[in-house]
Colleague: 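One structure, as structure tokens, below. Some questions next.
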Protein chains: 2
Amino acid sequence: MHTQNLINIIADQLPELNKSESKVAQVILADPDRATSSSIAALAKAAGVSEPSVNRFCKRFNAAGFPDFKLKLAKALVSGVRFVNRNVDPEDDVSSYTPKIFDSTINNLAMVRDRISHSIVNQVVDKLIQAKRIYFFGLGASGSVARDAENKFFRFNLPVSFHDDVLMQRMLASTGGTGDVFFFISHTGRTKEVVEVAEIAKANGSTVIGLTAPDSPLASISSVTLEVEVPENTDEYMPMTSRIVHLVILDVLATGVTLRRGPDFLPHLEKIKNSLKSTRYIKDS
Amino acid sequence: MHTQNLINIIADQLPELNKSESKVAQVILADPDRATSSSIAALAKAAGVSEPSVNRFCKRFNAAGFPDFKLKLAKALVSGVRFVNRNVDPEDDVSSYTPKIFDSTINNLAMVRDRISHSIVNQVVDKLIQAKRIYFFGLGASGSVARDAENKFFRFNLPVSFHDDVLMQRMLASTGGTGDVFFFISHTGRTKEVVEVAEIAKANGSTVIGLTAPDSPLASISSVTLEVEVPENTDEYMPMTSRIVHLVILDVLATGVTLRRGPDFLPHLEKIKNSLKSTRYIKDS
DNA sequence: CATCTTTATGAAATTTTCTTACAAATTTGC
DNA sequence: GCAAATTTGTAAGAAAATTTCATAAAGATG
């Protein structure tokens, strides 16, 4: 499991801190970048606590002392993951909402990165490699993800297709059988049409893979489920980030397949890349 | 343009440093990680120079002093490790390549987050709000992005469509005119078909927006360009992350449009959300 | 090659920053 | 309501960093 980001660790621990430690935490979380460049005295003053309290705070988070803590904080900031709960609000202008949306996406990715089951990724790669045919199915926003997956997996010389048409999906599911892989992408895992099609595929002996929410009907039907838990979209203004997480997971799967294929396969990928060259204007410089 | 890594800067400057500064540089380059956690005294001793020499060295590299220098060095190390040493290599297993792919995506997002021009985002939001019609065009992987954009902007009650068919694109571009917005998505900005269609759109008086690489043919044609610079995909195994960056930028634009529409518009979004409810299995719990 | 000028360097003092020890205050358990 | 445990701050002192200034080295000039 990936080491959690210091900032998130602090945020997580927040409720368990005592009064002065929590004051320190709040000041740091409010502007971590500033914290890295202030002295212990300045930070103590900003938090309204004594210097030793700040020092104790640092030690609580496994730092040798304040300077060491600052160093760790600085590193945590670079890794790009910032503090979570920054919702877009109606008063925001471009320079507020733009980073907020990036940050929220980044945070969700970091969360899934730390939680995704590697053994399940491996199982799915197995299934994909052994597949006689692969179908990527999704509706609405997940349709775009499915389409992207087709574009990606097509390069592996696998018989792959994507469908965002429910009737098409239904027909294909009912004509499939052993060796066929039906890969369902769904944010909620509760869309009736999707679940029904998955049931049909399953009934015909095909392998059903779900890239979806845990504890959903789709998850329970799937032969293997890649569980993605992205916080519900409570804020009206926040975009749905699950699509993006799904895309990255498909990137991971594609990489898994490439690696499993071994180095002999690279020339094939190169060939596909080159086939596009003639469609482009040459880069000067 | 990517800011040069501090370590590389030091290495580059090496020949121009004087005797004691160069000693300091060598010690730091030999073990930069150690340098971040040693005191000025320790480093001075290791380099066989005086403490002020180390201090002067730090100031030479635009640091406020030694502690500030250590901070910058620490940051450089983190980003260095991620960019240089985090490529997927053929020996990787699931638990290595999975976080690597997430990290590389996260890094690219963080980079664009810090570099994207807010004023251009604003300009694009303006154009989208005023548009009589919006067309999202993309080919290949960018086609999926365009499709996702349609799905997203459709909710704004704007006449929007997406096309990944070159002939369709061509026809629409030539029938468009003032008030129409053609939004082109392209990783390279050099695909001939895309550039040609953009030229046609432009010639007919439509607004052309490019979500693409800077200094590309597409960028130079566009009325407004959202420049996205994602490091070239040199590693055979690394997936292309520009798609994901593009999606997030479209999320930003959509948020901008929602905010500009004001709170009166929220019921409309709510209505669309609700329209999907009946298609889902209810969540128990 | 002597002398002046510039530049580089370090010793020591000063200042800033951090840590520790301990006592006061607060909370908790009984 | 009192003792123990925990939390917090004061103040001292230790450590680290910076500045000042003197000296040494290198370079320029006649």
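All values below come from the heavy atoms of this structure, side chains included, with hydrogens, waters and symmetry mates left out. Every chain is numbered from 1 and lettered A, B, ... according to where its sequence line falls, protein lines coming before strand lines.
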Colleague: Considering only heavy atoms of chain B and a distance under 4.0 Å, specify the first and last nucleotide of DNA chain C in 5' to 3' order that meet this criterion.
Modeller: C:dA8 to C:dA11

Colleague: Taking for each residue the nucleotide of DNA chain D bearing the nearest heavy atom, is the 5' side occupied by B:Lys19 or by B:Asp68?
Modeller: B:Asp68

Colleague: So which heavy atom on B:Leu109 is nearest to which on A:Phe102, and how close?
Modeller: O-CD2, 3.5 Å

Colleague: Please report the closest heavy-atom contact between A:Glu16 and A:Arg60, naming both atoms and the distance.
Modeller: O-NH2, 3.5 Å

Colleague: Quick one: is D:dT8 close enough that its OP1 or OP2 comes under 4.0 Å of any side-chain N or O from A:Ser50?
Modeller: no

Colleague: Relative to the ring of A:Phe61, is the ring of A:Phe69 parallel (under 30°), tilted (30 to 60°) or perpendicular (over 60°)?
Modeller: tilted

Colleague: Using only atom types and a distance under 3.5 Å, with no angle test, would you say the side chain of B:Ser216 pairs donor to acceptor with the backbone of B:Ala219?
Modeller: yes

Colleague: Work out which heavy atom in A:Ala35 is nearest to a heavy atom in A:Leu43; give both atom names and the distance.
Modeller: CB-CD1, 4.3 Å

Colleague: Taking all atoms of both residues into account, what is the closest heavy-atom pair of A:Arg190 and A:Pro217, and its distance?
Modeller: NH1-CD, 3.5 Å

Colleague: Classify B:Lys70 by what it touches in the nucleic acid, base, sugar-phosphate, or nothing, heavy-atom distance under 4.0 Å.
Modeller: sugar-phosphate

Colleague: Could you pull out the closest heavy-atom pair between B:His118 and A:Ser95, with the gap in Å?
Modeller: ND1-CB, 3.1 Å

Colleague: In terms of side-chain heavy atoms of B:Phe66, which of D:dT8, D:dT18, D:dG9 is nearest?
Modeller: D:dT18

Colleague: Start at the 5' end of DNA chain D and walk down; is the nucleotide closest to B:Ile40 or to A:Glu21 reached first?
Modeller: A:Glu21

Colleague: Of the residues in residues 51-58 of chain A, which ones touch DNA chain C at a heavy-atom distance under 4.0 Å?
Modeller: A:Glu51, A:Pro52, A:Asn55

Colleague: Kindly say if B:Lys59 contacts the phosphate of D:dT19, meaning a side-chain N or O under 4.0 Å from OP1 or OP2.
Modeller: yes

Colleague: Which distance, rounded to the nearest 0.5 Å, do you find between the OG of B:Ser39 and the CZ of B:Phe66?
Modeller: 6.5 Å

